[in-house]
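Per chain, numbering begins at 1; letters A, B, ... match sequence-line order.
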2 protein chains.
Amino acid sequence: MNYINPARQAPVTTADKVFETMQHEIVEGQILAGSKISEPELAKKYQVSRSTLREALNRLEKCHLIERKPNVGSRVVECTVKGLLEIYIVREALEGMACRLAATAMAGTEIAELQAILTIHGEEKQLQDGVAYYQEEGDLDFHYRVIQGSNNLQLINILCGELYHLVRMYRCQFGMNSPRATRAYDEHKAILQAIADRDGELAEMLMRRHIAASRKNIERKLEKDSE
Amino acid sequence: MNYINPARQAPVTTADKVFETMQHEIVEGQILAGSKISEPELAKKYQVSRSTLREALNRLEKCHLIERKPNVGSRVVECTVKGLLEIYIVREALEGMACRLAATAMAGTEIAELQAILTIHGEEKQLQDGVAYYQEEGDLDFHYRVIQGSNNLQLINILCGELYHLVRMYRCQFGMNSPRATRAYDEHKAILQAIADRDGELAEMLMRRHIAASRKNIERKLEKDSE
DNA sequence: TTACGACAAATTGTCGACACATTGACTTTA
DNA sequence: TAAAGTCAATGTGTCGACAATTTGTCGTAA
């Protein structure tokens, strides 16, 4: 499957390619979460030297997909419930702010474009009545565009560059296909309306509630599973 | 000068030491902002191989202190006004959230400890009537402890690990010794009171206003300079 | 004179080998 | 038997050298 990758530039160097490959394998769980990474082993697997592999590992660490300890080695991060909720907290804060900024920074054409995309998503949702597509690609795409609309490079870099793949990893590995799609779609519409009205304060509040609702939904679901 | 470094672990490997050295030199401006980094040159300067230096560069990139382009090289980030304001925006969002969390997550003992520290800062401030110390170390220390109090590892990592040194760099290079210290001190006290009252909502609002006030102060100052 | 292209110098990316630290198993000793 | 110490094996950190790419210079042609 060919994922979109917001902040990516074409993989020019060998380390880039190894990085992308490993990224996909970690996100999709082919390299197991929590597992130890053996540099010699993976270097042989990808047919590159250890230096090149280590370069790739450095970028994976930048994406928070692996953790390194000096003189010990690297491990793939573990997908814990605590970690998932922590990311939602960070997203609530940052994407809320991004939304506030987008309300004043986004161009009218961008807003119109995003409205068109939302309409398409809505039709497709009803068409196939399948939640998966919307929840996966569509949701990410909406959030991605709002973040870009903030026009704040630090914000964009953190959300689209450093946290993006970790979010995808959690989505993949926890198998998130909750029945929140319809409600989420309506919330997206309301958020976009606030942006179109140039009401930054409201836009931020709605985005924060939107993300907080997802978080609480997960909390409920998980504590129900543990009963 | 020996800076405190929140999220640091003792430098065990040589790359660690080179990283810390370069970090200080970049933050304090000895390595000029915006300047190009020559790997062979710096490797010779620090008496290490290029591999080790590149390892250090990778960590500097993680702190947003340098930027790399494939097949071209690394540059120290530039300190622009736009960049400074962008960081304040990110801090407003993240530290605001951290403060909200701290209001429920911080232990009573931690709060008491922080209150004691604030008192000391207040006395020292009046004692030497110098703004510099408080503004530099004390302010960073207060914010640092609140962030730690959030008990959210993602939040702590981003603020204390990735953005911390960039903030210090801006403070150093823009020479921030504004007369906001007294007001900032009072604001800190109010924030801490909200945390002690376990009022997360208020704590977040106060922290956001506190950081936003600093940002607006800088905006005023800078547009006054440009007149 | 300007624009284009080839060449040379310098820099970055990649490689394989060595030095060092950690881990686990085994031996020794209380 | 248990605890501590030793040693080997594995893996990470570091090094120097080679390969590939970029950049600036020079020369040629329009």
Side-chain angles (χ1 to χ4, degrees), chain A residues 5 7-26 31-78 161, chain B residues 5 7-26 31-78 161:
Chain A
N5 183 339
R8 90 133 162 255
Q9 48 213 357
V12 40
T13 178
T14 321
D16 280 327
K17 292 165 195 162
V18 176
F19 164 66
E20 287 204 0
T21 304
M22 291 190 67
Q23 181 183 277
H24 285 160
E25 293 187 355
I26 291 176
I31 299 178
L32 276 78
S35 65
K36 178 149 177 19
I37 285 179
S38 165
E39 293 183 4
E41 180 186 327
L42 287 184
K44 197 166 60 181
K45 172 178 174 185
Y46 298 115
Q47 300 286 345
V48 296
S49 76
R50 267 187 58 226
S51 310
T52 305
L53 183 84
R54 281 165 70 86
E55 177 69 31
L57 292 184
N58 269 314
R59 302 194 201 171
L60 289 172
E61 195 184 6
K62 255 173 268 185
C63 298
H64 303 119
L65 291 180
I66 70 170
E67 290 168 347
R68 292 177 70 185
K69 285 181 185 171
N71 280 321
V72 173
S74 311
R75 300 195 83 88
V76 181
V77 296
E78 293 202 59
Chain B
N5 182 340
R8 91 131 162 255
Q9 47 214 358
V12 39
T13 177
T14 31
D16 281 327
K17 292 165 195 158
V18 175
F19 164 67
E20 287 204 0
T21 305
M22 290 190 68
Q23 182 182 276
H24 284 161
E25 295 186 355
I26 290 176
I31 298 178
L32 277 80
S35 65
K36 178 149 177 19
I37 284 179
S38 164
E39 292 183 5
E41 180 187 326
L42 287 184
K44 197 165 61 182
K45 173 179 173 184
Y46 298 115
Q47 301 286 343
V48 296
S49 76
R50 269 186 56 227
S51 309
T52 306
L53 183 84
R54 281 165 71 87
E55 178 69 31
L57 292 185
N58 269 315
R59 300 193 203 172
L60 289 173
E61 196 184 6
K62 254 172 272 186
C63 298
H64 303 120
L65 291 179
I66 70 171
E67 289 168 346
R68 293 177 72 184
K69 285 181 186 172
N71 281 321
V72 173
S74 311
R75 300 194 84 88
V76 180
V77 296
E78 294 201 60

5' precedence on DNA chain C between A:T14 and A:N71 (nearest-nucleotide basis):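 It is A:T14, whose closest nucleotide lies nearer the 5' terminus.
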Taking atom [atom2] of [N] as reference, at what distance in whole Å does atom [atom1] of [X] sit?
X	N	atom1	atom2	result
A:I66	D:dT12	CD1	C1'	13 Å
A:E41	D:dT12	CD	C1'	15 Å
A:K69	D:dG13	NZ	C1'	18 Å

Check side chain to side chain contact (heavy atoms under 4.5 Å, CB included) between [X] and all other residues, then give those that pass, not counting sequence neighbours.
X	result
B:E67	B:V77
A:S35	A:I31, A:L32, A:V76
B:K17	B:P11

Sub-4.0 Å heavy-atom contacts from residues 42-57 of chain B onto DNA chain C, ordered by number: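 B:R50, B:R54 - these, ordered by number, are the residues of the stretch whose heavy atoms sit under 4.0 Å from the strand.
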Residues A:E41, A:K45: salt bridge by 4.0 Å N-O rule: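 No, this pair does not count.
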For B:R54, what residues pass the side chain to side chain donor-acceptor pair (under 3.5 Å) criterion, not counting sequence neighbours?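 B:E39.
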Validation row: A:I66, A:M22 side chains within 4.5 angstrom (heavy atoms):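 A side-chain contact under 4.5 Å is absent here.
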Do A:R59 and A:L65 have side chains that get closer than 4.5 Å, going by heavy atoms?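 No, side chains not in contact.
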For B:A15 and B:A56, which heavy atoms make the closest approach, and how far apart are they?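 Distance-wise, the nearest heavy atoms are O-CB, 3.8 Å.
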Relative to the 5' end of DNA chain D, which residue comes earlier, A:G73 or B:V72, by the nucleotide with the nearest heavy atom?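 Per heavy-atom nearest nucleotide, the more 5' residue is A:G73.
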Range on DNA chain C touched by chain A, heavy atoms, distance below 4.0 Å: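 Extent of the interface on DNA chain C: C:dG13 to C:dT22.
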